[in-house]
Every structure is written in C-alpha cells, then in structure tokens.
Amino acid sequence: MDKPTRRIGVLTGGGDCPGLNAVIRAVTKDAIHHGMDVLGIEDGFLGLIEDRIRPLEERDVSNILTTGGTILGSSNKANPANMAVGRDTNGNVVHKDLTEACLITLESHGIDTLVVIGGDGTMTCAAPFVERGIRAVGVPKTIDNDLWGTDMTFGHMTAVEIATEALDRVHTTAASHHRAMVVEVMGRNAGWIALSAGVASGSDVILLPEMPFDIDAVCEHVAQRSTKGKRFTIVCCSEGAYPKGGAQIVERTDPTSPDPIRLGGIAKWVSGQIEDMTGVESRHVVLGHVQRGGTPCAFDRMLATLFGDAAMELILQQKYSRLVAWQGGRITDVPMLEAADKQRLVPPDEPLIAAARSVSTCFGD
Ligand code: F6P
C-alpha cells in the first residue's frame, strides 16, 4: 500500500453553486479528525498557478454549511495545462502549459492528495495531474446536473427551487395581465433545470436544448390556450434551447475561458415571436446567476455532506482518481477522468418528459 495521505489540498473550480461550502466543511472536519492537514487552494486551479494556498482549520469551516458560494473562491478560466497568459501582437490569446510549475507548488506545500470539487471542465483541468501520478479524488458539482457518471450533482436542486419559485411568481402576474411570460433558465447544453422547474411550476411550454422546437407549434399552443379561455401562458425556456433548423444564441464568448461560450437570449426571441405570431402580449425574464447564489436547499446540504464524506472514504481506502457519484439513490464512485469534458444530457425517454406530456405540457416538437 502507498503511504497514507498526510496533507490534502482542496479546491473548488468552475462556476460556483450552492453546497460547495458544505463539501469543504465535510472534507476538512473529517480529514482533521483523521489526523490529516488540509490546505485550501484559492480560486480553483488559479490558486495553484499563483501559489495562493492556506491552511484550513476547523474554525475556518465552522458555520459555513448553509452559506452559498465558496469560501475558497473559484475560477472558470484557469486551466494549468492550457492557461491564457496574454495576447500576441495580433490580439490572439496566448496559452501556456503551467502544469510543471503547479506540481512544484504542490510539492513545496507537502500536498500529497487533491480533493477537486467541480464539474466536467474542472475534471479536465485535473486530468494532467492525475496522469502524472498526483493522488486525487473528485466531487461533482454544478447547478446544470450535466456531469457524466452521476445521477445528481449538488447545487442542482437549489437552482431548481429558485427557478420554480420564479416561475410561480410570474404565473400570477401573467394571469393578471393575460400575457405570455417566457422565463430563461441556466443549464448550458442540458435541459435538466428547465425540465424540473418547468414540471414543478406547471409551465405550459418547456423548451430544452435536447429537443429543438418548432416555433409555430409553440405559438399554436399559446393561441389554443387563448381559445380555451386560458388567457396566459408560462414558457420555461432553457438558455441552450433553439428552434429547429436554427442554432443556440450565444450571448458572449470569452477566449480566455476553457469553455468560452456563454449562452443567452433565447427567451427574448421566443417572447417576440409569440407576440408577433399570436397577438398575445408577451414578456421575458432571464434568471441568470440568481440560480447559483444564496443558501443551498436541504437536499443539497445533505448531498454535499454525503459527497464530502465519500471523498474522504476514498482517500482513507487509498482509492484515487475516482469521482464520487450518486447512482440509483446510492453513493458510489466512477473513474474521475471519464467525467472530463463529457456532458450528461436529458435523454428522449426521460420519465419527466412523459409525465409533463401527460399533463398537456408542450415541448414545441
Ligand atoms: O455551468 C454553470 C453555469 O451557471 C451555466 O448554467 C451557465 O451557462 C454558465 O455557468 C454561466 O457562466 P458564467 O458564470 O461564466 O457566466
């Protein structure tokens, strides 16, 4: 057997989400109880590149279970193996491989095991370290719930709760004004937030990236509701949804980010089409980062604590290069590198789609 872990480095990478602190707390407390040291790496892999690493004691993680965000900070731009370090004379972003420097930093702090809390992008950043023999375990986070190998990531349920509450709120104002309201939710290329919040709120139309929609079918549904005396329509629209024959709407691109595409704008387009094609007055709302902020819901606090404990269990068993996962209602683990750069999308036979159709929800297909 290898030497047991003495000093853990923990980092949170990619977009933040509710529940990150709950994982940091669980890992730190458990590690300290087992006589290990814990160092917090600030701002994800950026802290490793810039050598911003600090010890975590029990007092640092006390009272953070219910706090949103991450006490360590995060970055969705820092990929040590392909780090944007500036621009050339033509204005193109120049990238450099900083892996070796990061390995020296890890050694200088005596970190013998990494706990990497993140999504597919963060697991991709971790891959060169794992391939060079650094001991690491992964913990799956993202509001999008699109990480391969796990049925559920923490942070997702909180985002669904926030989106559902927003949809409930626009419901009453839509009914008062006899309008259509189109609410854009996050999720990148995965429609999990839109599907769950759409069903939970009883949205009349749900638009998913996995099911390109026919705008005529959407407008027909809105018009039919009017003829049946239902003088309002709620559309829950994923930011990655797009019309058949069309393309996703990109709100901005960030060439310094490993995942440069930022989606946004589809709700505005759908809302305009509804108003033009049906004459029903329409408004759109973009929920954006509201879905990522604030206190985690009870489920996410539980899942994050379970995941933190499971990560420590892997370390104690010296089972490295594994990603903690939740499958079929139980904790398990999968190969960490297989989750890198893979997305878990909503499958066509997802039971929630059938359940939504059974209550007359339109998917515009
Ligand atoms: O992956 C999480 C997520 O919130 C996506 O749902 C969204 O598309 C993206 O991150 C937004 O990224 P940023 O915080 O860089 O705007």
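Excluded from the calculations below are hydrogen atoms, water molecules and symmetry mates; all remaining heavy atoms, backbone and side chain alike, are included. In each ligand, atom 1 is the first atom listed, and ligand 1 is the first ligand listed.
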Do Phe307 and Lys141 come within less than 4.5 Å of each other through their side chains, counting heavy atoms only? no
Test: [X] and [Y] ion pair at under 4.0 Å:
{"X": "Lys244", "Y": "Asp216", "result": "no"}
{"X": "Glu281", "Y": "Arg179", "result": "yes"}
{"X": "Asp120", "Y": "Lys342", "result": "no"}

For [atom], what is the closest protein heavy atom, and at what distance to 0.1 Å?
{"atom": "atom 16 (O) of ligand 1", "value": "His289 NE2, 3.0 Å"}
{"atom": "atom 6 (O) of ligand 1", "value": "Asp144 OD1, 2.7 Å"}
{"atom": "atom 12 (O) of ligand 1", "value": "Arg262 NE, 3.3 Å"}

Which of these, Arg292, Met186, Arg188, has its nearest heavy atom closest to atom 10 (O) of ligand 1?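 Among Arg292, Met186, Arg188, the closest heavy atom to atom 10 (O) of ligand 1 belongs to Arg292.
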Would you please say whether a donor-acceptor pair under 3.5 Å links the side chains of Asp300 and Thr158?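 There is such a pair (donor and acceptor under 3.5 Å, judged by atom type) between the side chains of Asp300 and Thr158.
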Assess, by modelled atom type and distance only, whether the side chains of Asp2 and Gln318 contain a donor and an acceptor separated by less than 3.5 Å. no
As an exercise, identify every atom of ligand 1 less than 4.0 angstrom from a heavy atom of [X].
{"X": "Ile143", "result": "4 (O)"}
{"X": "Gly187", "result": "6 (O)"}
{"X": "Glu239", "result": "5 (C), 6 (O), 7 (C), 8 (O)"}
{"X": "Asn76", "result": "15 (O)"}

Less than 4.0 Å is my threshold; does some heavy atom of Leu263 fall inside it relative to ligand 1?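 No, that is not the case, since the closest heavy atom of the residue is not under 4.0 Å from the ligand.
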Out of curiosity, is Gln291 lining ligand 1, as in a heavy atom under 4.0 Å away?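 Gln291: no contact with ligand 1 (<4.0 Å).
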Positive for side-chain hydrogen bond (donor to acceptor under 3.5 Å, both in side chains) with Thr233, one of His221, Arg225, His178: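 With Thr233 as partner, side-chain hydrogen bond (donor to acceptor under 3.5 Å, both in side chains) holds for just one option, Arg225.
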